[in-house]
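Residue numbers start from 1 in every chain, and the chains themselves are labelled A, B, ... in the order their sequence lines are given, proteins ahead of strands.
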Amino acid sequence: MMNGYKFIGGLFCLLFLSINLYAQNNFTVSGVVTDSTSGETLPGVNVILKGTSHGTTTDSKGHYKINVPSSADTLIFSFVGYKRAVEPVNGRNKINVVLQTSVVTSEQVVVVGYGVQSKRTATGSVSAVSGDKLDKAPTVNTTQSLAGKMPGLVTIGHSGEPGHDSATLRVRGQHTLNDNEPLIVIDGVPSPGQGLDRLSPDDIKNISVLKGASAAIYGSQAANGVILVTTKRGTAGSPKFNFKFNQGFTQLTRTPNMADAPTYLTMLNELNLYRGNPPVYSQQEIQKYADPNSDPWLYPNTDWFAATLKPYSNQTKLDMSVSGGDESIQYRLSFGGLTQDGAYENSATRYNQYHFRSNLDGQIRNLHIKFDVNGRWEDRNYPTKSASQIFEGLVKMYPYLPGYWPNGKPGPAFENGENPVIMGTSATGFDNSDTYYISTRLNLNLELPVKGLSIRGTGSFDKNLIQEKRFVKPWSLCSLDRAGYKANDGDPTNYLSCSEQGIDNPELFQQSTDGSNFLANVIGEYARDMGVHSLDLMIGTEYQHKNSAFFNAFRTNFASDKVPQFFAAGQAQQDINGTGSHGARMNFFGRANYSYKDKYLFEFDSRYDGSYIFPKGHRFGFFPSGSVAWRLTEEKFFTDRIHFFDNLKIRASYGLSGNDRIEPYQYLSTYQFGLGYIFNSDQLGHTLVPGPTPNPNITWEVAKKFDVGIEAEILDSRLSFEMDYFDELRSKILIQRNASVPLSAGIDLPRENLGKVRSWGYDGTITWRDHASDFFYNISLNGGYATNKIKFWDEPPGAPAWQRSTGHKMHTNLYYVATGIFQDEAQVQNTPHIQGARPGDVIFKDVNNDGKITDMDRVRIERNDVPDWTGGITLDAQYKNFDFSIFFQGALGTSQYVRTASGQFGNYYQQFAEKRWRPDPNSTNGMKPDPSGAPYSGPRAFNRVEEYWMALDNTYFYRKTDYLRLKNLQIGYSLPKNIASKAGLDNMRIYISGFNLITWSPYKIGDPESAGNIGGPASLADVRGGHYPQKRIVNLGISLTF
Amino acid sequence: MKSLKYLLSVFLISAYSFMGCNEALNVQPENKISENVVWNDPNLIESYLNNIYRGMDHGANQAQLASMTDQASSIPDLGTGIVLKSEVTPGNMGNLASSRSDQYKWGPLYSRIHQTNVFLKNIQDANIDDQALKDRMTGEAHFLRAYFYHNLLRAYGGVPIVTEVYGLNDNKQDPRASFKETVDFIISEADKAAQLLPTVETGDNLGRASAGAAMALKSRVLLFAASDLYNTNPSGMPETGYTTQQDRTQLWRDAKNVAKAVMDLGVYHLFRANPAPGDSVAKNYYDLFFTQHNPEVIMERDFSATGRSLNSNYRPHIYHGPNGYHQWGGSTPTQQLVDAYKMKDGSDFSWNDPQEAAHPYENRDPRFYATILYDGAPYRQRPADDIQWDHDGVIQTFKRLTLPDGSEVPGLDTRDSPVEPWNGTWSGYYPRKILDDKALPSEGQVPGMWIYFRYGEVLLNYAEASIELGEYADARSALNKIRDRVNMPEFNSSVTGQALMDAYRNERRIELAYEEHRFFDIRRWMIAPQVMNEDAKGITITADATDRADRSTYSNYQYTLMTYQDRLWKDKMYFFPIPQDEMNRNEKLVQNPGY
């Protein structure tokens, strides 16, 4: 009986409208559908003939009319937010239905590859979330709002930089030594030009994640999991306008506290003491930096984070949509825009986005048409210095220098003209990029004159244009002649000299990238419900082609820095470059579902996949998978004995899928032009750089996925429960045999299909939904654990057990184990130590007990930046006109290495300053501890990497970044219907929401999720977004429907 | 079942219609060039060869090889400290394996050797009609292969000689060849190159290997082969030197002959060999290193200001200049090097001579002024934000300047400077010879050159072999040419034997300072235990002044010697260790002694 809910094709659930039944249309049923509480009629309700895909929706007045083959058929009425109603026709021509509202907001269908399935009878492991859940987070990046929403989906929000704040998504953690990026499919189009990051949550109907073996329907791209996104579509009815406005205030979640000027100068004196040199700064002078009444020209005490960052920045977002239509055509049009300011004062960073989407559905007799167009303009603006450079500067910059002099002139630089208060502004030029993205999709679905048979096809075309323009120009900074001013007093501005910084000549770089993506598929489907047997067959083929090209140019020697255009530049040193690339895939796929009495469920998915990445003859791979489920609640023997289960299902899946996210053409011996070599003073000789030795046998990584799960609903479905265990063996991982092939062979090793990694874990969710009279609520807890182990890769033999990586988690490193701080010389002498160790240094553990500290004492620490445990807990509640949602999210198992270039070269974290071992100021070489503060828990003042414990990675600086966050909070109030309608509105809701409001983490220095530690060397994260902490957002919003 | 058939046929029709697209999976890379195209196009073949030249790299790094000798030290250390303290291990080679460029690294050198092997294999059947071009390129490849092996030889001793192009599944574990076999191989490669190449390159081939370059390389390698280290061979391993008694006279004779052969080519001359009256000979000597294609150069690599993406890590304008000019200090000279410069009259400099000690930077060998920036050295105008403290553009490495009001200020080019003190010198000196004194630190790419072989070196090689053979007159005549160029007094016939040897070694130390010779010379001469056990010395200077910004008001200079960097020599440092990872990959390798 349940197979009636099996709809054909992922996006078709709203499409099966009331036209045109072709066979044996001999009985007509009509009626009206109303809401049980308000009694109002309901437009847009789906009315489906059970066991088929035929159906209609109610019109704007809640009326429906449907032809059914026989008066003994059954109709099913479903609508978002309402409980399903099942009505046997029983010979009636008129059936009026009253739908009960349901706190179960998510529809009980899940989107799977190339189709949708009823959640109850699905056999695969799928997590899903509806768009309105995502909409509750006031973040503008959809990947950020996915955190903790779905069991098994791990998100790592590396950065909060506007325009570069996408979270890394991992389905059930990491599975391969290579690229772990999952496949993203939007409205049936795999890997569209742009991911789901910039898709407005307002346009998203739902997102589901294929976690188990059934992802095999996506074959060679499925091994890392598949994320399927479905956008909202129109429903028949009079036009419904929705207008939503959000005003957010953002600030960085957590920035480090830095040592102030007196502390910093004291530490510099300590550094001198360690070298046996006299202090550079007298106590008297240091005191002047501490005294707020000192001359601000001579004795600034700058908190650089406060000087550079704004208290809060603005974020504004507007969404509008209209949807409606009649029986033959439905539409949903949406338009949105947003703007997001950077965190710096006078920020040059700003992200603007404008997007529209037009989803049309039409029916012509038995042909269903969908035509979608969407476009987006992403406008990113940055200063010429990257966020990593700016935050590195903020951590390094001397607290005894001013950001701005008291007369408003910018203060001096650190080096390279870098003064953080200037770096975030447009004083140094600009770095803009505009991305234009447009995609079109046409989908036709023809119901053939054979019952249950349909054929559909999709054609999609995306176009992607990126225009980047970066203009760097000199800027001005001012330094003070302290000695002169101190000696002569008078007007300090006489001693201030300002000069051009950075570069001598403005430079302009422009790049234009042009990409396109074409996809076509044809799918046939046959679905029949034959008494106790129901069968659904789907078979399809798909072809995909993509290409991209870029072109860039550089010129310098500008006549003026006011004209950032190429024509104004000189001829010398100009540079032009460009190239292109192609890719193509084609494949055949199919799925068969069979169920017996909805009790025993079987599914078989497979894909025969071809990719241009591999050599001819190795180009196609076959990826089958099977899954089974058993619904115990359909068994009489079970329900007779155990009554409280409304649903209990056990399921399992096993299958193969592939991963082809590797550099293409590794089977070819190829050459690329290199940087060139100069002959005869300035004649640039071309250089041709050989690629790696080709590997003619290169092929896919193969994942063998196993998943077993249980789903249950009890207490009238108020409590639902779902739990999965998964185990995956990824083999043929492409690795280089760097550890076993001598470098003397000279060959640049190709990747070979050698590595093996096992990954396994659990994930699940428990939800409680109920209401006490008018108080509706649901609490949902979800979580997942995922870990992995390298089974084989090319590791040199002979490493001791505590250093081996084989048999351990991937992507982990070796560290010396820090066991404390040498308090005094006696302790140094009595403990194995690195030559030259002295009091105040970090004690390394002598792991192999040989009395020496050597390379061999490093230990593999099984933590990295991908959490093992992730989860979230949500409470949604509604009382009369108030609604409330609170969401906590957390992750365990991650660490970050804290690295700074402190010392003479830059400031210290306040935390390091406070805990530091301190020398007796009267000692001549700093070897004796200052007894007043002993014992000390942190190392002494250090100078960059001069101390061994700064140069050698050790656990003292490898800090745990586990966290729990109040990720999301929303409180809303909807105007009572009668008041709203007086204002001509259907609904008006005002709300306040927050994002990343509170963070609990043992990591106090920066945001626990940020990429690399804040202030770490820019070179380690010198990409857009690097080191920019996550944002906290407080948001006010209003939503109007009319 | 009928419907199933229907479904299947629909599918098959559509699948068939896509079959045309199957061919479309045959997309070719657009951003890459495939092998068969390359080896049939002379231009692309030459491009392949050009790329191999990049493997020769250059010595103009931030941490020059000199900073791991008694000549200099690196300000930011960059892994030089563990080399200077003999703490190098196969697992941690410090600067020898990390931040410096590729020219002595095991892996990159073998990767380049592989490329020459590929070239020599493919060039035979390559589709090139122009036999002269084919010969020239073949000769260049032999030269390059010899050059890479000569760097391996200098660093590691005898190494695996790989001339084959290995496939993926070949056994690739080769044992080390003996020192002798490696020398012989290099010589035979250099001979092949010399045979195929023109004596000198001209026009747009300037910068390519020539027969002259191949002979200069041979001269250097034969000088090494004759040297003490490899003939004493303390470890007795065949990889680190000769295991049987060689005819040293013959070795020196060979070395002398090939140096003489280069001299007899008649195409190379000392740059500004005969200074005109009124010439600044210091400038003549400095210009040698910044004048492309001057007649002294046997082989050089050019750098140009155009082509901004060359990314050659060649930044002689910012790596080594004083911090008071916003430059990075780099490889700063030690007091040991400073003191090695003789007085202008040829006598030794001595701190015990009160006159000399009071004015240590006066009346020195002109090359001192071209090589070293010292306190008081006139340099160039300060950048705008620093000019307030120094109107004259004079180097300030004094520790303390006392002003009339009793206040004390630090020198601008020190570690207490108001300008980027972390780049300040530890020793009190900066290098000038390797510093482009025209370019601004903010310039990304500057024109310039790195000299691989120059005539001056060949003259010195000739002199060394002559001294070892007791042919002192030949040695003096070569040395005097070098001294004439800088107006240093000639060695007269009374200088012979050990005295001449000592004078020669000091001459070589000074003449070739910062040119990547000293590191190997102190090893092959086996004097490293003497010179490398001494801690690096520098100078502390104080003075008084009435106006900080006006150098002419300075007086009362006090010079105090100090040490600033610990050094320790262990004999294992005669050779680099073979990296531990490579030892693990190849069980046939034998590690160098002491590791």
Is any side-chain heavy atom of [Y] closer than 4.5 Å to one of [X]?
X        : Y        : answer
A/Gln835 : B/Lys85  : no
B/Glu420 : A/Phe414 : no
B/Asp385 : A/Gln501 : yes
B/Trp106 : A/Ser744 : yes
B/Arg208 : A/Phe679 : yes

Using non-hydrogen atoms only, which part of [X] is less than 4.5 Å away from chain B: side chain, backbone, both, or neither?
X        : result
A/Thr579 : side chain
A/Ile747 : both
A/Ser479 : both
A/Phe614 : neither
A/Asp855 : side chain
A/Thr556 : neither
A/Tyr398 : side chain
A/Leu268 : neither
A/Gln904 : both
A/Glu500 : neither
A/Pro474 : neither
A/Pro412 : neither

Is the side chain of [X] donor-acceptor paired with the backbone N or O of [Y] at a distance under 3.5 Å, no angle test?
X        : Y        : result
B/Gln173 : A/Pro742 : no
B/Asn51  : A/Thr687 : no
B/Gln388 : A/Ser497 : no
B/Arg54  : A/Gly676 : yes
B/Arg585 : A/Leu743 : no

Taking all heavy atoms of [X] and all of [Y], pick out the closest pair and write down the distance.
X        : Y        : result
B/Ile33  : A/Leu688 : CD1-CD1, 3.8 Å
B/Gln292 : A/Ser681 : OE1-OG, 2.8 Å
B/Lys32  : A/Pro664 : NZ-O, 3.9 Å
B/His114 : A/Ala745 : ND1-O, 3.7 Å

Among [options], which residue has the highest count of heavy-atom pairs closer than 4.5 Å to chain A?
options                              : value
B/Ile45, B/Asn50, B/Asp416           : B/Asn50
B/Asn43, B/Ile113, B/Asp581, B/Leu44 : B/Leu44
B/Asn584, B/Leu152, B/Leu168         : B/Leu168
B/Trp389, B/Tyr166, B/Tyr53          : B/Tyr53
B/Glu35, B/Met583, B/Gln115          : B/Glu35
B/Asp77, B/Val162, B/Val38, B/Asp386 : B/Val38

Tell me, for [X] versus chain A, whether the close heavy atoms (under 4.5 Å) come from the side chain, the backbone, both or neither.
X        : answer
B/Glu87  : side chain
B/Arg112 : neither
B/Asp547 : neither
B/Glu164 : neither
B/Asn423 : side chain

Answer yes or no: are there more than 12 heavy-atom neighbours, outside B/Lys399 itself, under 6.0 Å from its atom NZ? no
Should we count CZ of B/Arg400 as having more than 12 external heavy atoms under 6.0 Å? no
Taken in chain and number order and not counting sequence neighbours, the residues that satisfy side chain to side chain contact (heavy atoms under 4.5 Å, CB included) with B/Leu206 are A/Asn680, B/His293
From [X] [atom1] over to [Y] [atom2], what is the distance, rounded to the nearest 0.5 angstrom?
X        : Y        : atom1 : atom2 : value
B/Ser34  : A/Tyr671 : OG    : OH    : 9.5 Å
B/Arg382 : A/Ser499 : CZ    : OG    : 14.0 Å
A/Ile678 : B/Phe303 : CD1   : CZ    : 9.0 Å
A/Arg275 : B/Trp426 : CZ    : CH2   : 4.0 Å
A/Tyr677 : B/Ile52  : OH    : CD1   : 12.0 Å

Most chain B-contacting option - heavy-atom pairs closer than 4.5 Å, from [options]:
options                                : value
A/Val689, A/Ile503, A/Leu668           : A/Val689
A/Lys486, A/Arg944, A/Gln672, A/Glu507 : A/Gln672
A/Ala951, A/Gly685, A/Ser740           : A/Ser740

